[in-house]
Asks: 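Would you mind keeping the following structure in view while I ask a few things?
Throughout, a chain's letter reflects where its sequence line sits, starting with A, and its residues are numbered from 1.
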There are 2 protein chains.
Amino acid sequence: MSSVSTVEPQTRMKSEDRRELVLEAAMGVFGDYGYVGATTDQVAKAAGVSQPYVVRMFGTKEKLFLEVLHRALAAMLDAFRTALHGDPSVELERRMGLSYFELLKKHGLLLSLMHSFVLGSDPVIGAAARWGFLEIYSFLRDEAGFTPLQAHEFLSNGMLANTMISTRMGDLVDEDPRVREMLEACFPEKLGIVLELGKLHRPAAR
Amino acid sequence: MSSVSTVEPQTRMKSEDRRELVLEAAMGVFGDYGYVGATTDQVAKAAGVSQPYVVRMFGTKEKLFLEVLHRALAAMLDAFRTALHGDPSVELERRMGLSYFELLKKHGLLLSLMHSFVLGSDPVIGAAARWGFLEIYSFLRDEAGFTPLQAHEFLSNGMLANTMISTRMGDLVDEDPRVREMLEACFPEKLGIVLELGKLHRPAAR
DNA sequence: GTCTATACCAAGATAGAC
DNA sequence: GTCTATCTTGGTATAGAC
């Protein structure tokens with residue numbers, strides 16, 4: 001079961017819709033294999049179009065990735081923003097946490113971001129990742145009104161969570177009791193959901 | 001200025017020493033470009049040997065990376081262990097923190113680890129990364145005597161720090177005042193050192 | 001708007017000499 | 001123990017047809 005579903009044979013489509021489809025597919029593939037590891041052909045297959053067409057649409061693989069990155073960031077900020085203005089009877093922390101879990105459902109979203117964060121040495125992707133990170137921090141400070149300390153707390157919890165998801169620590173949950181304990185500390189009361197999502201998002205072998 | 005220094009023309013060497021040299025070089029290159037992005041040729045150049053020889057020594061690029069990963073993990077645990085049994089008049093938190101900064105000096109060490117953590121979908125590297133992560137957690141619990149909560153705290157702070165270093169957020173420190181604030185929250189009293197290290201470890205363009 | 005065919009290059013791995 | 005030469009594969013990108 002792959003996280004990237006293949007799409008039916010090519011019918012003519014409005015370019016906006018097709019673009020959407022390809023971006024969606026790309027997010028999944030980049031999430032699974034990283035910017036360098038992913039191939040435009042995998043993206044094409046996942047979107048049900050030909051490889052050259054993918055390149056044609058976005059110019060280069062790099063530009064495609066940047067677009068994915070941009071969307072992932074936007075979606076994330078959007079989710080947090082929604083949480084921010086959500087039901088005030090629920091604690092803000094909790095609302096943000098729930099948004100985060102919504103994001104997890106879009107598997108490639110977090111993973112594509114994570115891959116970009118580790119590419120700081122790449123002149124193009126790295127720069128984009130830095131500005132993206134800063135955007136998140138600025139949101140927390142300026143829009144959400146967090147103190148630097150609160151922002152740090154929020155980000156560190158998030159990063160550890162993201163790392164564990166990227167590493168697929170859930171796959172080890174039955175191998176060693178320590179893993180369950182660790183994941184429970186990291187995802188309080190949400191272990192079940194995380195493990196479920198982890199099962200769904202297993203990429204096919206290349 | 002590259003983080004990977006090139007080595008003088010080839011003289012015959014004891015295989016153990018040469019191996020050491022290549023592994024050292026590989027750690028730097030993998031740290032800068034990631035497992036997929038790094039080439040055996042880059043490693044070879046950095047170590048001052050021929051590309052086929054690198055492959056010859058380790059069989060495959062994958063095996064080379066696994067070896068690097070193994071060493072990075074070992075070095076990390078070693079550093080933490082030393083800190084653990086260090087001067088008891090200094091607070092444990094502080095000792096561990098200092099060890100962490102020692103590790104930062106070996107640029108490729110943290111970065112290679114980070115790259116492995118994001119490759120959870122890779123059947124070989126991903127598995128190794130998971131066990132490595134678990135090893136660190138187990139150390140914190142079993143040897144350092146941390147509670148799950150303490151371990152979580154330690155790991156989340158570490159992961160955020162690692163991510164910021166991977167992303168090279170320091171490169172943005174003069175572009176936006178928020179960046180300095182953020183880094184200060186993340187590396188209390190150590191901002192200067194981090195920025196210095198960041199400057200040293202800038203890889204050459206490919 | 002989308003495909004097929006293909007050029008072109010980079011990179012891992014192998015063979016074999018020294 | 002180490003190199004040079006080379007095979008092979010896979011992957012991005014281009015050309016051009018439909």
Asks: Using only side-chain N and O atoms of B:Arg18, determine if any of them is under 4.0 Å from OP1 or OP2 of D:dG1.
Replies: no

Asks: Please pick, from D:dC3, C:dC3, C:dT2, the nucleotide with the shortest atom-to-atom distance to any side-chain atom of A:Met13.
Replies: C:dT2

Asks: For the pair made of CZ in A:Phe58 and P in D:dT12, what is the distance, rounded to whole Å?
Replies: 15 Å

Asks: Can you tell me the distance, in whole Å, between the CD atom of A:Glu16 and the C1' atom of C:dT2?
Replies: 16 Å

Asks: For B:Thr40 and B:Val54, which heavy atoms make the closest approach, and how far apart are they?
Replies: O-CG2, 4.3 Å

Asks: Which whole-number value in Å describes the distance from A:Tyr53 OH to C:dG1 P?
Replies: 6 Å

Asks: Is the ring centre of A:Tyr137 less than 6.0 Å from the ring centre of A:Phe146?
Replies: no

Asks: Sort by first number and list every stem of DNA chain D: at least 3 consecutive Watson-Crick or G-U wobble pairs, both distances under 3.5 Å.
Replies: C:1-18 with D:1-18

Asks: Looking at B:Glu181 and A:Arg141, is any side-chain nitrogen of the basic one under 4.0 Å from a carboxylate oxygen of the acidic one?
Replies: yes

Asks: Let me see the working for B:His107 and B:Asp32 under side-chain hydrogen bond (donor to acceptor under 3.5 Å, both in side chains), right down to the final yes or no.
Replies: CA-CA 9 Å; B:His107 179 67; B:Asp32 286 339; 3.3 Å; yes

Asks: Would you call A:Glu24 and A:Arg71 a salt bridge, using N to O less than 4.0 angstrom?
Replies: no

Asks: Measure from NZ or CZ of B:Lys190 to the centre of the six-membered ring of B:Tyr100, then state whether that distance is under 6.0 Å and the direction lies within 45° of the axis.
Replies: no

Asks: How many Å lie between NZ on A:Lys14 and P on C:dG1, as a whole number?
Replies: 11 Å

Asks: Is the B:Tyr35 ring parallel, tilted or perpendicular to the B:Phe30 ring (thresholds 30°, 60°)?
Replies: tilted

Asks: What I want to find out is whether B:Glu67 reaches B:Arg19 closely enough, with some N-O distance under 4.0 Å, to be called a salt bridge.
Replies: yes

Asks: What is the distance, to the nearest angstrom, from the CD atom on A:Gln42 to the P atom on D:dG11?
Replies: 7 Å

Asks: How does each nucleotide of nucleotides 5-18 of chain C score, in 5' to 3' order, for protein heavy atoms under 4.0 Å: base (B), sugar-phosphate only (S), or none (-)?
Replies: B-----SBBB-B--

